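All values derive from a computational prediction rather than experimental measurement. Lettering of chains follows the sequences in order, A, B, ..., and the numbering in each one begins at 1.
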There are 2 protein chains.
Amino acid sequence: MTVTQSEPVTSGVAATAARPARAPNCGAPPPPHPKPTGEDRYTISEVAEHTGLSAHTLRWYERIGLMPHVDRTHTGQRRFSNRDLNWLSLVTKLRLTGMPVADMVRYAELVRLGESTFAEREQLLTAHREDVRQRIADLQSTLDVLDCKINIYADARRASERF
Amino acid sequence: MTVTQSEPVTSGVAATAARPARAPNCGAPPPPHPKPTGEDRYTISEVAEHTGLSAHTLRWYERIGLMPHVDRTHTGQRRFSNRDLNWLSLVTKLRLTGMPVADMVRYAELVRLGESTFAEREQLLTAHREDVRQRIADLQSTLDVLDCKINIYADARRASERF
DNA sequence: CGCTTGCTTGGAGTGCGCTCGAAGTCTCTA
DNA sequence: TAGAGACTTCGAGCGCACTCCAAGCAAGCG
């Protein structure tokens, strides 16, 4: 049994009841632009274009163990699958929300190790969730200050414009 | 006429009507722990303690022009005022929300230049506010994904615990 | 007086997350 | 078959925001 990468789908003994047949995919985007030919083997530049990451960054992610092993052509060029794209979409979200690369690498490693790591994965994500919540609170409180200051400047401007 | 640093108080020709006598202070904290003696001259280590910034960082902020000129004792040691603390509290918020140091330095410079820079200050803060809003949206969307994945792991754990 | 503690300076070093360059190979189109 | 352009690797370099170091000065205390 293989374990999916970006979608730890309920499988085996775990919670197969009481859930829709279609496993929840946690907001993974629909296959982005599946090739007109129906293929599933994107070049690095296609993926770069699609994800907004540079080709350099994509190679670097693979080198440090953040990509779960990308398929290759017989001549050694990378060919990314839709599954890879989904994984990258998760990674991008985590990165945007400030998860350190080392933590993402750890998570990738846990995913490779299979189901036995569910508990640690849960912990890791839960910790990050707390982090994200805290950051939202910080941002919100700054937003209040910004609103207030901007109002002051705007009032001053409007007042001076009246003359 | 001097211009306050962290509180561009409505002053002079600008908008003195229709606003409370006490200018809004945009959530600046009350004087943090005004010295028992009522003094207003904190050492660098007191400020470091209070703000959570290191003394190194405080000196560095001053060097790069992010602190508006800190008072000194006759022997050259820094003595921070409550006004300095308020400014630092703003800076800390902006920094926590990802404003680049260069932009904060620019803002500090504008504050030093006086009222004529209100418009540019408004622009700068408005741009950052957009940034912050965008980041909140990113965080929120990641939060949804995290919730979903964490639920999956938690379900799996609970299911396995039932046996 | 010597010792400790805390401050001063300028400049060098660190860690993170990329980002780029060089040199060579492969693929695609004409 | 030729040429353009995309791909490969490895390692070095970069920008940001600190962070630390060395050397020295000043104040307080026994």
> Is B:Glu109 salt-bridged to B:Arg106, going by a charged N under 4.0 Å from an acidic O?
Replying inline: yes

> Does a side-chain N or O from A:Tyr61 land closer than 4.0 Å to OP1 or OP2 of C:dG17, or not?
Replying inline: no

> Can you tell me how far the CG atom of A:Leu125 sits from the CG atom of A:Leu110, to the nearest 0.5 Å?
Replying inline: 9.5 Å

> Any idea which of D:dT19, D:dC7, C:dT9 is nearest the B:Arg78 side chain?
Replying inline: C:dT9

> At under 4.0 Å between heavy atoms, what does B:Ser54 touch on the DNA or RNA strands: base, sugar-phosphate, or nothing?
Replying inline: nothing

> Base, sugar-phosphate alone, or nothing: which one does A:Arg59 contact when heavy atoms must sit under 4.0 Å apart?
Replying inline: base

> Looking only at side chains, do B:Asp84 and B:Tyr42 share a donor and an acceptor under 3.5 Å apart?
Replying inline: no

>> Does the protein touch nucleotides 21-30 of chain C at the base, only the backbone, or not at all? Give it as B, S and - per nucleotide, heavy atoms under 4.0 Å.
In response: B----SS---

>> Taking side chain to side chain contact (heavy atoms under 4.5 Å, CB included) as the criterion, tell me which of B:Ile44, B:Val47, B:Leu88 meets it with B:Leu53.
In response: B:Leu88

> What are the residues of residues 98-106 of chain A, sorted by number, that bring a heavy atom to within less than 4.0 Å of DNA chain C?
Replying inline: A:Pro100, A:Val101

>> Between the base of D:dG11 and the side chain of A:Arg63, is one N or O donor paired with an acceptor at under 3.5 angstrom?
In response: yes

> If Ile, Leu, Val, Met, Phe, Trp and Tyr residues are connected whenever their side-chain heavy atoms lie under 4.5 Å apart, and connections chain through other members, are B:Met99 and B:Ile64 in the same group?
Replying inline: yes

